[in-house]
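What follows is a single structure, written as structure tokens, with notes after it.
Counting starts at 1 for both ligands and their atoms, in listed order.
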Amino acid sequence: MTIRLGVLASGRGSNFRAIEDAIERGELDAVVSVLVSDRENAGALDLAKERGLRAEYIPYDREDREVFERHAADRLDAEGCDLIILAGYMRILTPYFIRRFENRILNIHPSLLPSFKGLHPQQQALDAGVKFSGATVHLVIDDLDAGPIITQAVVPVLTTDTEESLSARILEQEHRIYSDAIRLLQAERHG
Ligand code: GRF
């Protein structure tokens with residue numbers, strides 16, 4: 001069964017691009033129904049439009065975070081999204097949104113969770129002196145970067161690494177495993 005994806009993104013959208021590429025190559029039986037961004041200048045928005053997909057900018061109101069979320073959730077529901085993909089979405093979701101799409105929100109985080117939650121996980125890995133880090137795709141729950149893990153990839157940390165070089169090597173793996181995770185969930189839930 002073709003799975004309908006709703007994407008939330010704030011930035012350049014390279015993970016979104018990788019998922020879209022996997023769909024176009026026929027490696028993922030899915031369709032991106034809509035991409036929503038909280039940033040008007042997000043590269044992800046341009047990319048979605050270039051590919052002829054529905055894409056919407058919804059302004060973010062810091063005073064009332066649910067305003068964005070209600071609007072976004074209504075749009076995602078209207079498009080019949082089965083699964084919500086956080087692809088570089090840089091806001092913390094409120095329990096309102098998480099309840100509305102319970103067990104249907106995936107996030108990717110550039111560390112081997114439960115290590116190095118939150119911001120700058122690649123720098124956190126360098127500071128801790130670990131020899132391996134990586135990327136994790138997990139379901140989103142109320143606790144930050146803490147939901148059930150769907151898949152992970154391990155990336156060696158080199159003595160010469162900077163935050164940039166480690167981030168770039170982890171990102172290559174992110175692009176590979178996000179589609180894998182969607183496929184795994186799809187097989188588990190929809191046969
Ligand atoms: C990725 O490193 C992702 O793990 C993190 O934010 C970054 C987004 O990159 N959550 P992109 O917008 O997908 O290129």
Looking only at protein heavy atoms, which one is nearest to [atom], and what is the separation?
{"atom": "atom 10 (N) of ligand 1", "answer": "I108 O, 3.2 Å"}
{"atom": "atom 9 (O) of ligand 1", "answer": "R12 NH2, 3.3 Å"}
{"atom": "atom 3 (C) of ligand 1", "answer": "E174 OE1, 3.1 Å"}
{"atom": "atom 6 (O) of ligand 1", "answer": "G88 CA, 3.8 Å"}
{"atom": "atom 12 (O) of ligand 1", "answer": "G13 N, 2.9 Å"}

Q) Once the angle between the rings of F68 and Y89 is folded into 0 to 90°, is it parallel (under 30°), tilted (30 to 60°) or perpendicular (over 60°)? A)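 Parallel, since the angle between the ring planes stays under 30°.
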
Q. Is the count of non-hydrogen atoms from other residues, nucleotides or ligands lying under 6.0 Å from L184 atom CG greater than 12?
A. yes

(Q) The test is side-chain hydrogen bond (donor to acceptor under 3.5 Å, both in side chains); show your working for Q124 and S111 and say whether it passes. (A) CA-CA 9 Å; Q124 290 185 51; S111 77; over 6 Å; no

Q. L5, L47: one ILVMFWY side-chain cluster at the under-4.5 Å cut-off?
A.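 Cluster IDs for L5 and L47 match.
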
Q: Provide the closest heavy-atom pair for S37 versus S10 in the form atom of the first, atom of the second, distance.
A: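 Minimum heavy-atom contact is OG-CA, 4.1 Å.
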
Q. Are R183 and D180 close enough for a salt bridge, meaning some N to O gap below 4.0 Å?
A.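 Judged by the 4.0 Å cut-off on N to carboxylate O distance, R183 and D180 do form a salt bridge.
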
(Q) So if I count the atoms of ligand 1 from 1 in the order they appear, which ones are less than 4.0 Å from some heavy atom of P110? (A) 2 (O), 4 (O)

Q) Can you find an N or O of S14 that's nearer than 3.5 Å to an N or O of ligand 1? A)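 Between S14 and ligand 1, an N or O pair is found under 3.5 Å apart.
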
